[in-house]
Amino acid sequence: MSDANTSAAGFPPAFTFEPNAAPAAPDARASLIEDPGFGRVFTDHMATIRYSEARGWHDARIVARGPLSFDPATAVLHYAQEIFEGLKAYRLDDGGIALFRPEQNARRFRDSARRMAMAELPEELFLQSCRELVLRERDWIPGGEGGALYLRPFMVASEVFLGVKPASEYLYAVLASSVGAYWKGGARAVSLWVSHDYTRAGAGGTGAAKCGGNYAASLVAQAEAVRRGCDQVVFLDAVERRWIEELGGMNIFFVMADGSLVTPALTGTILPGITRASIIQLARDEGLTVREEAYSIDQWRSDAESGALAESFACGTAAVVTPIGKVAGPDYGFRIGDGGTGPVTARILARLSAIQRGRAPDPHGWLTRIA
Ligand code: PLP
Ligand code: COI
């Protein structure tokens, strides 16, 4: 059973569609997406494309979501040649559907592939795979505040070979997941544990790539954060263990009492977040000063204690804009502002969300309307 791709205007390769023979019934779907949380509710289909050195990109499909089967000697299972992306599709008030800056994810996916010596998926094919999947799965976009369809494009080295070298075959796929709030219990200020023992990335490493290995390396520190009673870990630089880098899955901003913003510069060890870039732009549009520069843990603590720092927040596609209420390390702890959501954080969250949901003018053309 397959029908030809109809919306791709002839861009090769066309996505064949093999419908899920047992899709979720409408009432089951409705109850699944009522309060989906993050990353547990998946739609009926996924997009897949294969790559081989001999054939290039081929075999583009939308198929029933289901297990992938791999030979035990498949390269990714041993050497972790894997990358991924995260972006959201929003339902607009007029019933349309839009993706937020998907071309930025397409470009970062290529950048990540290059760093991991993987085949580079053409950006138009990345965009087409997202578009095709969302159009098939539009009924899975939850209503309600914070509801969206989270897309998870990823790629793995699928060559069956135990030699240590860049693979010659890859599988690219896109999953779609109905999501609501990222944090259990909804939006609230989170607490951070500053890891002085573990780092996430070093100069020349893979910190700026969105590869699974970065997240694997962060988990022991994240687990420690939870053990210490905190929500998330924040990493320091690998050389001096002084400069704040980012969280396990979010960038970080500091709001000074004078209204200016500071965020760590992109020096190659942190992920160049698309939410980060958007917030810098929105803040500058408002006339705020934004400095991309190193900011140390000691400075953060003394600025929070003196009142020179008013707010701090974390940001990313999944968590959007999340206020930081408390910070703790091995022998210290401090509160940010009154420990809740500050006014600048609240305003940036509101402005960004309004653009993402088509409720405010989109001066930079960040929304890509697909329906
Ligand atoms: N930093 C890390 C390590 C991430 O995993 C993410 C999430 O994607 C971000 C930052 C934020 O990036 P973006 O705003 O593009 O989602
Ligand atoms: C995202 O925000 O899209 C992320 O990838 C963060 C996390 C879920 C890994």
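Ligands are counted one by one from 1 in listed order, and the atoms in each one are counted from 1 as well.
With ligand atoms numbered from 1 in the order given, ligand 1 contributes 12 (O), 13 (P), 14 (O), 15 (O) to contacts under 4.0 Å with heavy atoms of G273. Counting atoms of ligand 1 from 1 in the listed order, those under 4.0 Å from a heavy atom of R108 are 12 (O), 13 (P), 15 (O). Counting the atoms of ligand 1 from 1 in the order shown, those under 4.0 Å from a heavy atom of E246 are 1 (N), 2 (C), 3 (C), 10 (C). Using a 4.0 Å cut-off to heavy atoms of M250, the atoms of ligand 1 that qualify are 1 (N), 2 (C), 4 (C), 9 (C), 10 (C). Every atom of ligand 1 is numbered from 1 in the order shown, and the set under 4.0 Å from a heavy atom of Y215 is 2 (C), 3 (C), 4 (C), 5 (O).
The main-chain N or O of A350 is never found under 3.5 Å from a side-chain atom of S353 such that the two would form a donor-acceptor pair.
Ring centroid separation for the pair F313 and F254 does not come in under the 6.0 Å cut-off. Residues F38 and Y150 place their aromatic rings such that the two centres sit under 6.0 Å apart. For H78 and F161, the gap between ring centers reaches or exceeds 6.0 Å.
E145 and R357 are not joined by a salt bridge, as no carboxylate oxygen comes within less than 4.0 angstrom of a charged side-chain nitrogen. Between R335 and E305 there is no salt bridge, since none of the side-chain N atoms of the basic residue sits less than 4.0 Å from a carboxylate O of the acidic one.
In this structure, atom 14 (O) of ligand 1 lies nearest to the protein heavy atom T275 OG1, 2.5 Å. When only non-hydrogen protein atoms are considered, atom 16 (O) of ligand 1 lies nearest to T317 OG1, 2.6 Å.
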Let me see the working for E132 and R136 under salt bridge (charged side-chain N to carboxylate O under 4.0 Å, His left out), right down to the final yes or no.
CA-CA 6 Å; E132 301 263 339; R136 298 279 183 198; 5.0 Å; no

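I270 forms part of a hydrophobic cluster together with L266, judged by ILVMFWY side-chain heavy-atom separations under 4.5 Å. Hydrophobic clustering, defined by side-chain heavy atoms of Ile, Leu, Val, Met, Phe, Trp and Tyr closer than 4.5 Å, groups Y79 together with L162, V164.
At a 4.0 Å cut-off, at least one heavy atom of K210 sits close enough to ligand 1 to count as contact. A heavy-atom separation below 4.0 Å is found between G248 and ligand 1. Within the 4.0 Å heavy-atom shell around ligand 1 one finds R200.
T269 and R200 are not linked by any side-chain donor-acceptor pair at a separation below 3.5 angstrom, with hydrogens and angles left out of the test.
Contact residues of ligand 2 (protein heavy atom closer than 4.0 angstrom to a ligand atom; sorted by chain and number): F38, F84, G86, Y150, R152, K210, Y215, G249, T317, A318.
Around atom 15 (O) of ligand 1, the closest heavy atom drawn from N214, L87, I274, N251 belongs to I274. Closest heavy-atom approach to atom 6 (C) of ligand 1 among the candidates G249, A208, G86, G316: G249.
Stacking of R65 on the aromatic ring of F42 is recorded, both the 6.0 Å distance cut-off and the 45° axial limit being met.
Sorted by first and then second residue, the salt bridge (charged side-chain N to carboxylate O under 4.0 Å, His left out) pairs with a member in residues 307-322 form an empty list; sequence neighbours excluded.
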